[in-house]
J.: 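My questions all concern the structure below.
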Amino acid sequence: MGYPSKATTAAWVALLRAHRLLFGQVEADLKAAGFPPLAWYDALLELRRAPAGLRAVDLEEHMLLAQYSISRLVERLERAGYLERRPDPRDGRGRILVLTEAGGELLAAMWPVYAASIRKHLGSALTKKDAEALAELLNKLLHHGGEQG
C-alpha cells in the first residue's frame, strides 16, 4: 500500500493547521463581539433550514461542525431559549427540535460578525480565483471521500 507522498502529507498538515487557525480566529471574533460559540450558530442555522424541525440525530448529521455531545449542545440552546423540543408527529415517543424566534434573532445578530470574520481571515488572504480553486479542490476531496466511505 505504501506511504503518502511528501506533497500529500504536506497538504494534509496544511489543511489541518489552516482549519485549526481559521476556526480559532472566527471563534475569537464571535467571543469578542459577545456571542456564543460557532457551534450554536451552526445548529440554529440548520434548524432554520428545517422549519418543521429536526430530531437531534438529524441535526447532528446536518451540522458543519463535529459535535461530540449533541445532547449537551441542545440542552444549552434550549435553556437559553433558542430552540424548543416538541413532540414528533411521526413518532409519539420522539422529540423534534424547532428554532424559536429568539434563536432566529441570534442568528441574524451573529451573521454580520461571522461574515466579517470569514472575509477578514480567509477572504483577505485569497483572491477570488484562489478561493474558487480552493473550494474546487476541497469539494473534490469531499466527493472522493463519499465514494470511498
Side-chain angles (χ1 to χ4, degrees), residues 1-85 95-149:
M1 190 148 156
Y3 293 106
S5 69
K6 285 185 179 182
T8 300
T9 302
W12 175 251
V13 169
L15 179 65
L16 293 178
R17 286 184 176 159
H19 174 269
R20 185 177 65 211
L21 174 70
L22 293 170
F23 184 82
Q25 290 171 328
V26 169
E27 285 274 305
D29 289 346
L30 289 171
K31 185 177 182 178
F35 289 117
L38 190 53
W40 287 39
Y41 183 90
D42 190 16
L44 296 174
L45 180 63
E46 292 308 327
L47 291 175
R48 187 179 75 192
R49 290 178 175 162
L54 290 171
R55 295 177 307 145
V57 66
D58 296 326
L59 173 62
E60 185 176 21
E61 288 175 10
H62 284 84
M63 290 179 62
L64 292 176
L65 305 172
Q67 287 301 304
Y68 302 105
S69 180
I70 193 75
S71 58
R72 203 171 318 160
L73 175 63
V74 167
E75 286 173 16
R76 288 180 181 139
L77 290 168
E78 185 179 31
R79 267 197 314 269
Y82 299 131
L83 68 79
E84 292 178 352
R85 294 181 211 233
R95 294 279 198 223
I96 57 170
L97 309 173
V98 179
L99 183 70
T100 63
E101 185 177 333
E105 291 169 1
L106 178 63
L107 274 174
M110 287 179 77
W111 174 242
V113 174
Y114 186 15
S117 188
I118 293 169
R119 187 174 50 252
K120 176 182 172 185
H121 300 296
L122 184 65
S124 67
L126 303 175
T127 65
K128 181 180 178 190
K129 188 174 180 179
D130 289 340
E132 289 168 350
L134 179 59
E136 184 178 334
L137 288 169
L138 293 172
N139 281 317
K140 186 176 182 179
L141 287 174
L142 291 171
H143 291 106
H144 180 72
E147 294 168 6
Q148 300 297 310

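Values below: all heavy atoms of this structure, side chains included; hydrogens, waters and symmetry mates excluded. If you're wondering where the values come from, they're calculated on a predicted model, not measured in any experiment.
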J.: Please find the pair of heavy atoms, one from Ala102 and one from Gly81, that lie closest to each other, and give the distance.
T.: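 Shortest heavy-atom separation between Ala102 and Gly81 comes out as CB-O, 3.6 Å.
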J.: For the residue pair Glu105 and Glu101, establish whether any side-chain heavy-atom pair is separated by less than 4.5 Å.
T.: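 Contact flag for Glu105/Glu101 side chains = yes.
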J.: Would you check if the side chain of Glu27 reaches a backbone N or O of Leu38 as a donor-acceptor pair within less than 3.5 Å?
T.: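 Between the backbone of Leu38 and the side chain of Glu27 there is a qualifying donor-acceptor contact (under 3.5 Å).
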J.: Take Lys140 and Glu136 through the test side chain to side chain contact (heavy atoms under 4.5 Å, CB included) and record every step on the way to the result.
T.: CA-CA 6 Å; Lys140 186 176 182 179; Glu136 184 178 334; 5.8 Å; no
J.: Give a yes or no on whether the backbone of Lys120 and the side-chain of Ser124 come within a donor-acceptor separation of less than 3.5 Å.
T.: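 Yes, Ser124 side chain to Lys120 backbone: donor-acceptor pair under 3.5 Å.
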J.: Do Val74 and Leu77 touch side chain to side chain, with heavy atoms closer than 4.5 Å?
T.: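 No, every pair of side-chain atoms sits at 4.5 Å or beyond.
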J.: To the nearest 0.5 angstrom, please state how far the CG atom of Leu22 sits from the NE2 atom of His121.
T.: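 Between Leu22 CG and His121 NE2, I get 8.0 Å after rounding to 0.5 Å.
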J.: Taking the side chain as everything from C-beta on, heavy atoms only, tell me whether Leu106 gets closer than 4.5 Å to Phe35.
T.: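 Counting from C-beta outward, Leu106 and Phe35 do come under 4.5 Å.
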J.: Which atom pair, heavy atoms only, marks the closest approach of Ala52 to Val98?
T.: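 Nearest pair, atom of Ala52 first, then Val98: O-CG2, 4.4 Å.
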J.: Would one find more than 12 heavy atoms of other residues, nucleotides or ligands at under 6.0 Å from atom CZ of Arg85?
T.: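 It does: Arg85 CZ has more than 12 such atoms within range.
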J.: Output the distance between atom CG (Leu44) and atom OG1 (Thr100), rounded to the nearest 0.5 Å.
T.: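 Going from CG on Leu44 over to OG1 on Thr100, the span is 7.5 Å.
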J.: Would you name the heavy atoms of Pro37 and Met110 that are closest together and state the gap between them?
T.: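 Heavy atoms of Pro37 and Met110 come nearest at O-CE, 4.1 Å.
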J.: Check whether any side-chain N or O of His19 sits under 3.5 Å from a backbone N or O of Leu15 as a donor-acceptor pair, and report yes or no.
T.: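 No, the answer is negative, given that no donor and acceptor are paired below the 3.5 Å cut-off.
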J.: I need the Ile96 CD1 to Glu84 CD distance, nearest 0.5 Å.
T.: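 Rounded to the nearest 0.5 Å, the CD1-CD separation comes to 10.0 Å.
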J.: Do the non-hydrogen side-chain atoms of Arg79 and Glu75 ever get within less than 4.5 Å of each other?
T.: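 Contact flag for Arg79/Glu75 side chains = yes.
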J.: Looking at Lys129 and Glu132, is any side-chain nitrogen of the basic one under 4.0 Å from a carboxylate oxygen of the acidic one?
T.: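 Between Lys129 and Glu132 there is no salt bridge, as every charged N stays at least 4.0 Å from the carboxylate O atoms.
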J.: Going by heavy atoms in the side chains, are Glu61 and Asp58 under 4.5 Å from each other?
T.: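 Yes, close enough: below the 4.5 Å cut-off.
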J.: In terms of heavy-atom contacts, does CH2 of Trp12 have more than 12 from other residues, nucleotides or ligands at under 6.0 Å?
T.: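 Open.
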J.: Once you round to the nearest 0.5 Å, how far does CG of Leu99 lie from CZ of Arg49?
T.: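 Here the rounded value is 12.0 Å.
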J.: For residues Leu47 and Leu97, report the shortest heavy-atom separation together with the two atoms involved.
T.: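 Minimum heavy-atom separation between Leu47 and Leu97: CD2-O, 3.4 Å.
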J.: Check whether any side-chain heavy atom of Leu141 sits under 4.5 Å from a side-chain heavy atom of Leu137, and report yes or no.
T.: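 Not in contact.
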J.: Please check if the side chain of Asp42 supplies one atom and the backbone of Leu64 the other of a donor-acceptor pair under 3.5 Å.
T.: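 Pair found, side chain donor or acceptor close to backbone of Leu64.
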J.: At their closest point, which heavy atom of Tyr114 faces which heavy atom of Leu30, and how far apart are they?
T.: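 Looking at all heavy atoms of both residues, the shortest contact is N-CD2, 4.2 Å.
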J.: How long is the straight-line distance from CD of Glu46 back to CZ of Arg48, given to the nearest 0.5 Å?
T.: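 With rounding to 0.5 Å, CZ (Arg48) is 10.0 Å from CD (Glu46).
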J.: Measure the OH-CG distance between Tyr41 and Leu107 for me, rounded to the nearest 0.5 Å.
T.: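 The OH atom of Tyr41 sits 5.5 Å away from the CG atom of Leu107.
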